[in-house]
Amino acid sequence: MSPKEKHPLKQITPSGENDASFFESVFELVRQIPKGRVTSYGAIAAALGTKGAARMVGWAMNQSHFVKPAVPAHRVVNRQGRLTGKIHFAPPERMEQLLKKEGIQVIDDQIQDFEKYFWDPNEMI
DNA sequence: ACGCTGACTATTA
DNA sequence: CTAATAGCCAGCG
């Protein structure tokens, strides 16, 4: 992380999840990802209207571990279908295991037939 | 209020 | 396909 260590980023909406912040929107959208499917950060960001905020989506995933109901962050990968965020899991292998458990083949942090499992957030509308 | 950071993405080589 | 570079937006100190 950096000299400043992790980013505190206090808890999301201490009072509840009624906060309409960017992060909350991300969580709700990610929760709607069907089992056995995956999507990308950019797709989520685009679905929220902020196409260029793909990075923020990833950052939101960081908090997803503290949010409830739980967010299936393991179903969110980068555009290449690569598990770049696995390092943030505990343990990192967890992400890959979860995906395999849902029927998605992952080899060397790379999802096989990624396009086939890709789920477009805009379709769920 | 400004600047830095980041689980990204598109482009170029 | 991989590697390197630039651009991008939202949140925090």
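This is a predicted model, so every value here is computed, not measured.
Listed candidates were B/dC8, C/dA10, B/dA7. Nearest to the side chain of A/R55 is B/dC8. The side chain of A/T50 lies closest to C/dA10, out of C/dG7, C/dG11, C/dA10. Closest to the side chain of A/S21, out of B/dC8, C/dG11, B/dA7, is C/dG11. When each of C/dG11, C/dA10, B/dA7 is scored by its nearest atom to the side-chain atoms of A/A53, the top-ranked nucleotide is C/dA10. Nearest to the side chain of A/N62, among B/dA7, B/dT5, C/dC9, sits B/dA7.
Following rounding to the nearest Å, A/M95 (CE) and B/dA7 (C1') show an atom-to-atom distance of 8 Å. Across the protein-nucleic acid pair, A/F114 atom CZ and C/dC1 atom P stand 12 Å apart, rounded to whole Å. As rounded to whole Å, 14 Å separates atom P of C/dA10 from atom NZ of A/K51. In this structure, CG of A/L48 is placed 16 Å from P of B/dC8, rounded to the nearest angstrom. Put simply, NE2 on A/H74 is 19 Å from P on B/dA7, counting in whole angstrom units. Atoms CZ (A/R82) and P (B/dA10) sit 15 Å apart, rounded to a whole Å. Distance, A/E24 CD to C/dA10 P: 17 Å, rounded to whole Å. Atom P of nucleotide B/dA10 and atom CZ of A/R79 are separated by 6 Å, given to the nearest angstrom.
Residues A/V38 and A/V76 fail the side-chain proximity criterion, which asks for heavy atoms closer than 4.5 Å. Side-chain atoms of A/F27 and A/Q63, non-hydrogen and from C-beta on, do get closer than 4.5 Å to each other. Using a 4.5 Å heavy-atom threshold, the side chains of A/F118 and A/D120 count as touching.
Contacts of A/A45 with the nucleic acid, taken as non-hydrogen atoms under 4.0 Å apart, are absent.
Looking at A/E93 and A/K86, no side-chain N of the basic residue comes within less than 4.0 Å of a carboxylate O on the acidic one, giving no salt bridge.
The side chain to side chain donor-acceptor pair (under 3.5 Å) test with A/E102 is passed by exactly one of A/H74, A/R37, A/K35: A/H74.
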